[in-house]
Amino acid sequence: MADGRCPTDRAAPADPVSTLDARGLGAAADDPPAVHYDDEERPARTLRGPAGLVVAGVAFAVALLVLWQVFRPLAQGSQFYLIVFLSGTLPLTFLAYRSGLSRPRPRWSSPDRPTVADWILSAVTLLVCLYPLNPLTGGYDAFLDRQGLLDTPDVIAGAILLALVVEACRRTTGLALPIVCLAFLAYGYYGGLLPQTWAVAHSGLDFAQIADALFNSGSGFYGTPLDVAATYIVLFTIYGAVLDLSGASRFFVDLSVAAFRKSRGAAGRTAVAAGFLLGTVSGSGTATAVSVGAVTWPMLRRAGYPREQAGGMLAAAGVGAILSPPTLGAAAFIVAEYLHVSYLTVLGWAMIPTVLYYAGILLAVEIDVRRFGVRAVDAPATSALRLLGRFGYHFSSLVLIVVLLALGQSATRAVVYATALAAALSFLDRRAWLTPRRVFTALSAGVRGVLPVVAVCTAAGIITATTTKTGLGAQLASLLVSGARALTDDPAAVLALTVLLAAVALALLGLAVPVTASFIIGWVIIGPALLQLGVPAPAAAMFVFYYSVLSEVTPPTALAAVGASAITGGRTVPTMWQALKYALPAFLVPAAFVLTGPGEYLLARGPVAGVAGATAVALLAVAGLAVATGAWVPGIGPAGLPSRVLGGLAALLLLYLAPPTIVAGLAALALAAGIAFVQHRRSGRRTIREAVS
């Protein structure tokens, strides 16, 4: 992120209501905005001097363009805007992110200073991105007229841009996604050499056809993923930067601490609540886990949480940021675009799964309080009501987004109005005034925060264009369904096997590529398979979305767990497994969307009674998972192996949401509780006899 400090801004006297105490809770209002919209990002440079001014200035100009586009769209159309937007953002990637290539540097040269090669790449990127607008070749309209019949200079420019996009993606996300993109390119070019009896064979594409599909079509670089990044995501990163600089992040953490300060489980509940609230600002699992961990780990340590257990809790609470309204992860905007629904509709689909996810984490926290003998810790004396009375206005902009969406405003206008409200409300706290300098910082930081997402979304155009031109998506979907049908002819079993294979494929895919790319690849390949089996499009899309997000807590990568373990000092791999335990409901609930018709009720699609009943059953399933993973039955005591097995079985049966399995699941859950109760009574009597003797 750009250095957003404002040396000339003087801090006002500290407000005793907002600064809790010297235990490390809260953050200074003058801290730069910690905007990480999605977990697609490798560490960026901290730019200073001329390079920092150039990047901040260009990013600020791009932010103004984005805001202008909301109210006065460019007359030349959407693709023209995307060309200009990419011309302003992609060159910044080479200045803001290191190449990662080891080479000798002069002693006076800082690794945070762009090299000559970086400046050259940035300049070449700018020229190539602007090539479609080149008046020497006829300008934008002539470029569009050459679609399907590109000239040699067009093909050369497209090839250069392809190489630069892949390199930008490597710098921001690592090698995995570029390798996937190159594999798709190789398939498009060499697919004609495959035996034509193979289902995935095609007639083959020459390089000019590939360049045309990428450079001059609506499914390539300028396709839906980049459109979403340039239209929606960048506005939410700007909103997050403004909200952060206005003091909202500090308030959300302070409120979480104050709300639970008197209970034995206060430390764990605070971490979960802070993760949820802070996630509304960041929309990033790893960034939220690290931010919350830096504040709450001292409390968790004093309360008696083991390092790995605390790290797993922080990681799971942080990942909820990508799953929770009103600022879901970047892939949620792509869901809305692919299904041609409003973003408010997607938010509605995410409400019940979010409740189930955090219910599972809170149940696990309550169990850990008893298992590990967690103790109460001293917390600041500030009351939650006093904090709400003084700083509760920070919720106003979040509420405004939902209200405006409900009134029919577009998501882009809603978030711009919310950003303006957050900026205006900052003047209620003297330490957080958004002066012109800090507005400049927020807007430029918001655009810098979206750079890795722009690189990923542009690179995703390689995948979508290749899939569209070759028909690969439908072919792989057919293979997936055929594989399931080879094992059984029963329609329900075929669907269950397909869902299982899809879940495994998405989990493996998420280990290699970022969330946004994982969703796009999953949707074009796995989405058609689910649709072919009669799964409704919303259920299929949200299934793919959730499994794409869950790569953040899936070993052996689990970026959120890695970040949390760095804060707690715990071992990384055990922290990953603990995070997986806390997040387990999010792995099983999405399967319920697609396995049965009533499963769609969990997306709030259906009659009110059906939605309420399905939610209640799913909550019981989450309780069964908590028993299985936590070895404890809430309200009773420790759960032995029989109770744990029955709890896990009950969860699986209940989540199938068919009347016979619901009855069987309730019976299994009751039996698990009964066995635990009997064992607890016997253990208590044995303890009394030993004490008497």
Have Tyr232 and Glu337 got a donor and an acceptor in their side chains that come within less than 3.5 Å? yes

Output for pair (Leu164 CG, Leu126 CG), nearest 0.5 Å, gives 11.0 Å

Is the gap between the ring centers of Tyr81 and Tyr222 under 6.0 Å? no

Can you label the angle between the Tyr131 ring and the Phe143 ring as parallel, tilted or perpendicular, going by 30° and 60°? perpendicular

Parallel, tilted or perpendicular: ring planes of Phe215 versus Phe221, cut at 30 and 60 degrees: perpendicular

Hey, is OH on Tyr190 packed in by over 12 heavy atoms from elsewhere, all under 6.0 Å? no

Go through it in stages, so that I can follow the logic: the residues are Val228 and Cys457, the test is side-chain contact (heavy atoms from CB on, under 4.5 Å), and I'd like the CA-CA distance, side-chain angles, deciding distance and then a yes or no. CA-CA 8 Å; Val228 168; Cys457 289; 5.9 Å; no

Going through the checks in order, is the side-chain hydrogen bond (donor to acceptor under 3.5 Å, both in side chains) test met by Ser410 and Tyr343? CA-CA 8 Å; Ser410 65; Tyr343 183 59; over 6 Å; no

Plane angle bin for Phe519 and Phe545 - parallel if under 30°, tilted between 30 and 60°, otherwise perpendicular: perpendicular

Would you sort out whether Val524 and Leu472 count as a side-chain contact (heavy atoms from CB on, under 4.5 Å), showing the intermediate values? CA-CA 9 Å; Val524 299; Leu472 178 63; over 6 Å; no

Asp118 side chain to Thr115 side chain, donor-acceptor N/O pair below 3.5 angstrom: yes

Tyr338 and Trp523 aromatic ring geometry - parallel, tilted or perpendicular at 30°/60° bounds: parallel

Please check if the number of heavy atoms outside Tyr189 that lie under 6.0 Å from its OH is greater than 12. no

Using the side-chain contact (heavy atoms from CB on, under 4.5 Å) rule, take Phe94 and Trp119 through it: C-alpha gap first, then chi angles, then the decisive distance, then the call. CA-CA 7 Å; Phe94 296 98; Trp119 285 103; over 6 Å; no

